[in-house]
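Remarks on the structure that follows.
All residue numbers refer to positions in the sequence shown, counting from 1. Just so you know, ligand 1 is whichever comes first in the structure, and atom 1 is the first atom listed for that ligand.
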Amino acid sequence: MAADDADVLVIGAGFAGLYMLHRLRGLGFSARVLEAADGVGGTWYWNRYPGARCDSESYYYCYSFDPELEQEWRWTERYPRQPEILAYLEHVADRFDLRRDIDFGVRVASAVRDDDGWSVTDTDGRVRRCRWLVTAVGCLSAANVPDLPGLADFTGPWHHTGRWPHDGVDVAGKRVGLVGTGSTGIQAVPVLAEAAAHLSVFQRTANYSIPARNAPVSEAEVAATKADYPEIRRVQRESTNGHPFLVADVDALALSDDERDGVYQRAWDRGGLRFRAAVKDLLSDPAVNETASDFIREKIHETVADPATAEALTPRDHYFATKRPPIDTGYFETYNRSDVSLVDVRADPIASVTPDGLRLASGAEHELDVLVFATGFDALTGPLLSIDVRGRDGVALRDAWAEGPRTHLGLGVAGFPDLFTITGPGSPSVLTNMPTAIEQHVDWIADLLVRLRETGETAEPTRAAEDAWAARVQEAADATLLPQAASSWYLGANVPGKPRVFLPFAGGMNHYRRACDDEAAAGYPGFGLRPRACVSVS
Ligand code: NA7
């Protein structure tokens, strides 16, 4: 067997991969990161579409592991734009001298387990060996481009927002069609509308959106944040979603209509994802949720001048925040422009792409020069399953997950020894502020690797632990309204043929962290630690 290229191979150089590399180095492991792109950044490398910015606020959508880094970086806006986040991650890569251990332009094709470790093969056929394999592939990195007949014949350019060309797309004077009204579409619509001659938005599901209230960050705000970081981080760690605020202890149903409207109005005026935390039980009590949903529906009708368009934009088939809630800058207002039109493709689905645009099931034709797919991602499982991962006895991860992903704590998979999945399915991941979730996972994996190095053991989740965790993930989801949103990507519903399994852990980052800590404190019983020589004994 060839010597290992590194103790640990890490796939992906976004937030997760960079921090994993930094931790591993600090612990004296040899590590290499394999990254398909030619730069760091992950999500923020690829998502360069017009209007791309983060929905978490800049002062906490960042690493917390280094107080000096916190103090030296200065964010310019409440919600950072994609170039600013990318610049931050590039700064981190330089500051910690990470690039020398990253192989850029390397796309991993397969990872195959044997008794001694992992063989990782890239798409050029080069094989690298390691003892431990860590995936840092992101949750939303496998683009979901609808399989529409005729797409290859479209004469204009078409792009998925998550694979946006680095030199931009010229839409000036063009008729642009945008498909999809999730967070991405809702960010892109106002910006594209400004630049294009005409924008047609093809909407399948009307969406709630909260005003972001983006603004430059003042020197005074920066100073206050920097002074308060220890407390901000403490609250993040104890909160449900990794944000630096807790859900308000406000019983919406005990308030008068006026009082409740006041609560929502203040949250609306403050803007952002915190609207979700304005009252308690919003995600578990349908009656509470309905009050918030109704408030937003009224706002849409107040904002959009044409009543028919307003109604078409008003979500009535799911509760607020049961699908990932977008935040926006002028989204609903954009439909008051004469050069923007809304096309309801729930009522009249897209049938095909023609050389000149889109044809709907009714036969209606929409002529377009540029087509934009803001159609989301094959979330959580897509990035992992795009690699041919083979565990013990050659079992393919694709087969192991044929009925949906199964993990222990979202961190490991039975049958796949010494494989660790940062923000994997079954962890809070997309329901949280991602850097918070990432840091927790990386630190936890790092601790386990230190133990494995010391003891010579191998770690592989037991089936019993996986079963128990699957039950806990389901139970946590069922305690919320989240599984009721039939078209949600949390359930895999956006990708045809994908098993309908609730993917992230909805029980709260705080409870999740405790479950991970308990697992470690108990000596990792769910990870079936055993001497390496025993690894092939099932
Ligand atoms: P999302 O939230 O998955 O949104 C994708 C949108 O595209 C959504 O409105 C979909 O409608 C729509 N869609 C997907 N496929 C089609 C087809 N075939 N036809 C018409 N419309 C379609 O992805 P985003 O990129 O906006 O956001 C992903 C996350 O990135 C976000 O939550 C943040 O965490 C950052 P549907 O609702 O499925 O009916």
Side-chain angles (χ1 to χ4, degrees), residues 14-15 42-44 46-49 51-56 61 79 82 85 138-149 151 158-164 177-189 200-210 212 241-242 273 276 312-313 315-318 321-328 331 342-353 358-361 366 371-380 382-383 423 428-435 437 482 485-498 500 503-504:
F15 263 100
T43 287
W44 301 106
W46 296 105
N47 280 270
R48 299 176 189 234
Y49 60 86
R53 64 172 78 238
C54 186
D55 287 349
S56 287
Y61 189 79
Y79 303 94
Q82 173 269 334
I85 307 172
C139 298
L140 299 165
S141 51
N144 174 38
V145 179
D147 185 17
L148 292 170
L151 183 55
W158 67 266
H159 300 283
H160 186 277
T161 48
R163 293 285 178 274
W164 203 255
L178 174 138
V179 183
T181 52
S183 303
T184 300
I186 281 176
Q187 285 185 343
V189 159
S200 301
V201 181
F202 296 86
Q203 172 191 273
R204 187 163 69 181
T205 306
N207 217 337
Y208 301 93
S209 184
I210 307 297
N241 301 106
L273 289 172
R276 240 181 344 185
L313 286 164
R316 302 208 181 268
D317 66 347
H318 65 284
T322 53
K323 296 175 78 170
R324 165 65 156 71
I327 63 174
D328 71 274
Y331 174 66
L342 179 69
V343 184
D344 180 353
V345 295
R346 168 87 61 203
D348 191 0
I350 301 168
S352 61
V353 184
L358 291 181
R359 181 180 296 130
L360 307 187
H366 292 267
L371 197 43
V372 178
F373 291 108
T375 43
F377 301 90
D378 182 354
L380 285 108
T423 65
S429 61
V430 291
L431 298 177
T432 67
N433 177 50
M434 200 51 92
L482 296 174
S487 63
S488 167
W489 55 259
Y490 294 157
L491 276 167
N494 63 328
V495 175
K498 189 166 174 172
R500 298 288 171 100
L503 296 165

If you scan protein heavy atoms around atom 23 (O) of ligand 1, the nearest is G376 CA, 3.1 Å
Member of F373, W46, Y49, F377 meeting the ring-ring contact (aromatic ring centres under 6.0 Å, His included) criterion with H160:
F377
Show which atoms of ligand 1 fall inside a sub-4.0 Å distance from at least one heavy-atom site of R324.
31 (C), 32 (O), 33 (C), 34 (O)
Close-contact set for ligand 1 against T184 heavy atoms, below 4.0 Å
24 (P), 25 (O), 26 (O), 27 (O)
Give me the atom names and distance for the closest heavy-atom approach of R53 to Q187.
O-NE2, 2.7 Å
The closest protein heavy-atom partner of atom 4 (O) of ligand 1 is G182 CA, 3.4 Å
Heavy-atom closest pair (G162 atom, N47 atom, distance to 0.1 Å) is CA-OD1, 3.3 Å
S183 N/O to ligand 1 N/O under 3.5 Å
yes
Is there side-chain contact between L140 and M434, with heavy atoms separated by less than 4.5 Å?
no
Does any non-hydrogen side-chain atom of V179 lie less than 4.5 Å from one of L358?
yes
Should the heavy atoms of other residues, nucleotides or ligands under 6.0 Å from CG of D317 be counted, would the total exceed 12?
yes
Where is the nearest protein heavy atom to atom 9 (O) of ligand 1: which residue, which atom, and how far?
T181 N, 2.9 Å
The protein heavy atom nearest to atom 36 (P) of ligand 1 is T205 OG1, 3.4 Å
What's the shortest heavy-atom distance between D344 and A347, and which atoms?
OD1-N, 3.1 Å
Checking the side chain of N207 only, and the main-chain atoms of T181 only, is there a donor and an acceptor separated by less than 3.5 Å?
yes
Would you mind telling me which of L342, D328, V372, V201 makes a side chain to side chain contact (heavy atoms under 4.5 Å, CB included) with V189?
V201
Would you mind telling me if ligand 1 is within reach of the side chain of P146, the backbone, both or neither, using heavy atoms under 4.0 Å?
side chain
Report the nearest protein non-hydrogen atom to atom 12 (C) of ligand 1: residue, atom name, distance rounded to 0.1 Å.
G180 CA, 3.6 Å
Side-chain touch F15/I85, heavy atoms, less than 4.5 angstrom
yes
Considering the heavy atoms of F377, write down every atom of ligand 1 situated less than 4.0 Å from one of them.
25 (O)
Within reach of ligand 1, part of T375 (heavy-atom separation under 4.0 Å):
both
How does A374 reach ligand 1, by side chain, by backbone, by both or by neither, if only non-hydrogen atoms under 4.0 Å count?
backbone
Please compare K323, R204, M434 and report which has the shortest non-hydrogen distance to atom 38 (O) of ligand 1.
R204
Polar contacts were defined as any N/O atom of the residue lying under 3.5 Å from an N/O atom of the ligand; does this apply to N144 and ligand 1?
no
For atom 20 (C) of ligand 1, the closest protein heavy atom turns out to be V179 CG1, 3.5 Å
Protein heavy atom at shortest distance from atom 2 (O) of ligand 1
W489 NE1, 3.0 Å
Report, in ascending order of atom number, the atoms of ligand 1 lying under 4.0 Å from any heavy atom of L140.
29 (C), 30 (O), 34 (O)
Looking only at heavy atoms, the pair that brings H318 and A485 closest together is CB-CB, 4.1 Å
